Amino acid sequence: MNLVQPSSQAPAAMHEADAVPAAGAAPGLWSRLLRSPSAVAGGVLVILAIAAALGAGALYPGDPRDMVGTPTQWPGTNLAFPLGTDMLGRDMAAALMHGARQSLAIGFCATALALVVGIAVGVVCGYFGGALDDTLMRFTEIFLTMPTLLFTIALVIILGPSQASIALALGLTSWPQIARLVRAEAMRAKQYDYVSAAVTMGMGHGRIICGHILPNSLAPVMVAASELIASVILAEAALSFLGLGDNDSMSWGSMVGAGRQVLRTAWYMTAEPGLAIFLTVMAFTLLGNGLNDVLNPKARNR
């Protein structure tokens, strides 16, 4: 017991700045987030995007692909269609709000899958090391060397274009970055003496990983997850632009692809969904930057 006790306090103090804020530290975390311009701006835009996705069914309960007006009405010329209509007479506002539902659903689902796989692989590699680490990292590198977009396109073609297949394909091509990040954090966290003390006390690997390694490895993962959502939304828009999106749902990427046919005469059909993609991606990027400023002790001490 004396071998563990003298060194347990110092490493704990060293590690306190890097640890994920506990439940009791939530007020301090929120106050720091509110003082970060990037976090506030990104958070507001994310909330607006989520509100648009959730409110699409209430504000525009019908099918956004229905032809409800005269084709090619410019924004502001008809109060019934404030954002105009496309070349088929479909309401652009309805299409944009329903497109938010598609983009965010795929973004969150694909990121969740990438986090589950990446965290599991990363923490096992970082904690156990050895031959298991070498084997899993070689497997991870195979995914990293593949052209991500081409691999995603191949999976979507094989599985058939749908929300589920797109989310699955994007999630399976995004986890290696998370795995490498979590591995590095787990390797750092297991060096602390309180982990050695837990091993000496006979704690099982599962308890040590869940109680000590994971909680102190997730701060950078939160930042990476926010940026990963932005990347997934861009990738989903690219797939839809190429005609590989879900044909049963409205998508910002497919709207951009359709609008390019009349780009010179009705550029708003491309500009509006393009702006929606830009603002949503920028929202999650700003949120990730704000989280990095708050959770990264090196950034806070600049």
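Hydrogens, waters and symmetry mates are skipped; everything else that's a heavy atom, side chains included, is used. Please read these numbers as outputs of a predicted model, since none were measured by experiment.
- Within the 4.5 Å cutoff, side-chain heavy atoms of I119 are placed close to those of I178.
- Remark: L234 CG to I229 CD1 distance equals 12.5 Å, nearest 0.5 Å.
- In this structure, the side chains of M146 and T173 stay at 4.5 Å or more apart for every pair of heavy atoms.
- Without hydrogens or angle criteria, S226 side chain to F284 main chain gives a donor-acceptor distance under 3.5 Å.
- Residue M67 places its CE atom among 12 or fewer non-hydrogen atoms of other residues, nucleotides or ligands, all under 6.0 Å distant.
- For the pair F81 and V68, the minimum side-chain heavy-atom distance is below 4.5 Å.
- Taking 4.5 Å as the limit, some side-chain heavy atom of C125 sits within range of a side-chain heavy atom of M137.
- Closest of all the heavy-atom pairs between A186 and G126 is CB-CA, 3.9 Å.
- Rounded to the nearest 0.5 angstrom, L291 CG and L286 CG are separated by 11.0 Å.
- Taking 4.5 Å as the limit, some side-chain heavy atom of L149 sits within range of a side-chain heavy atom of L239.
- Checked by atom type and distance alone, the side chain of T270 never pairs as donor or acceptor with a backbone atom of L263 at under 3.5 Å.
- No donor-acceptor pair under 3.5 Å is formed between the side chain of T140 and the backbone N or O of P176.
- The CG atom of L104 lies 10.5 Å from the SG atom of C109; values are rounded to the nearest 0.5 Å.
- Contact of the E272 side chain with the M255 side chain is not registered, since no non-hydrogen atoms from C-beta on lie closer than 4.5 Å.
- Taking Q102 as the reference, I106, Q163, E236, D246, S249, S251 meet the side-chain contact (heavy atoms from CB on, under 4.5 Å) condition, with sequence neighbours excluded.
- Looking at every heavy atom in both residues, R65 comes nearest to N247 through NH1-O, 2.8 Å.
- Hydrophobic clustering (ILVMFWY, side-chain heavy atoms < 4.5 Å, transitive): V117 and L159 are in one cluster.
- Evaluated for a side-chain contact (heavy atoms from CB on, under 4.5 Å) with Q73, the options L83, N78, D91 yield exactly one hit, N78.
- Nearest heavy atoms, L79 versus P82: O-CD, 3.7 Å.
- Scanning for side-chain contact (heavy atoms from CB on, under 4.5 Å) contacts around F139 gives F143, W175, with sequence neighbours left out.
- Put simply, the side chain of S103 never gets that close to the backbone of I233: no donor and acceptor are under 3.5 Å apart.
- Under a cut-off of 6.0 angstrom, the local environment of CZ in R138 is crowded, with over 12 non-hydrogen atoms contributed by other residues, nucleotides or ligands.
- Residues passing the side-chain contact (heavy atoms from CB on, under 4.5 Å) test with L242 are I153, sequence neighbours excluded.
- Residues meeting the side-chain contact (heavy atoms from CB on, under 4.5 Å) test with L279, sequence neighbours left out: L275.
- Shown here is R180, whose CZ atom has no more than 12 heavy atoms of other residues, nucleotides or ligands within 6.0 Å.
- Counting only heavy atoms from C-beta outward, the side chains of D133 and F128 never approach each other to under 4.5 Å.
- There is no path of hydrophobic side-chain contacts, each under 4.5 Å, that joins I142 to I158.
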**Message:** Under the criterion side-chain contact (heavy atoms from CB on, under 4.5 Å), I'd like the reasoning laid out for T72 against M269: C-alpha separation, chi angles, the key distance, then a yes or no.
**Reply:** CA-CA 9 Å; T72 321; M269 295 183 194; 3.9 Å; yes
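- Between L287 and A39, the shortest heavy-atom distance links the atoms CD1-O, 4.0 Å.
- Among residue pairs with one or both ends in residues 44-76, those qualifying as ring pair (Phe, Tyr, Trp, His ring centres under 6.0 Å) are W74-W267, W74-Y268; sequence neighbours excluded.
- The hydrophobic cluster containing M92 also contains L88, counting ILVMFWY residues as joined when their side-chain heavy atoms lie under 4.5 angstrom apart, directly or transitively.
- For the atom pair OG (S162) and CG (L244), the distance works out to 11.5 Å, reported to the nearest 0.5 Å.
- Distance alone, capped at 3.5 Å, places no donor-acceptor pair between the T280 side chain and the I277 backbone.
- The minimum heavy-atom distance between L170 and A110, with the atom names listed, is CB-CB, 3.9 Å.
- Transitive grouping of hydrophobic side chains (ILVMFWY, heavy atoms separated by less than 4.5 Å) brings L136 and V123 into a common cluster.
- Although no hydrogens or angles enter the test, the distance criterion places a donor-acceptor pair under 3.5 Å between the side chain of R260 and the main chain of G257.
- Each of L214, I213, V182 was checked for a side-chain contact (heavy atoms from CB on, under 4.5 Å) with Y127, and the lone residue meeting it is I213.
- For the pair M250/L96, no side-chain contact is recorded, criterion being any heavy-atom separation below 4.5 Å from C-beta on.
- Cluster membership check: M187 does not share its hydrophobic cluster with V221, using side-chain heavy-atom separations under 4.5 Å among Ile, Leu, Val, Met, Phe, Trp and Tyr.
- Rounded to the nearest 0.5 angstrom, D293 CG and R35 CZ are separated by 12.0 Å.
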For residues 44-58, tabulate all N or O donor-acceptor pairs below 3.5 Å that involve a side-chain atom, not counting sequence neighbours.
none

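- L155 CG to I166 CD1: the interatomic distance, rounded to the nearest 0.5 Å, is 11.5 Å.
- Here the closest heavy-atom approach between residue L113 and residue G171 is recorded as CD2-CA, 3.9 Å.
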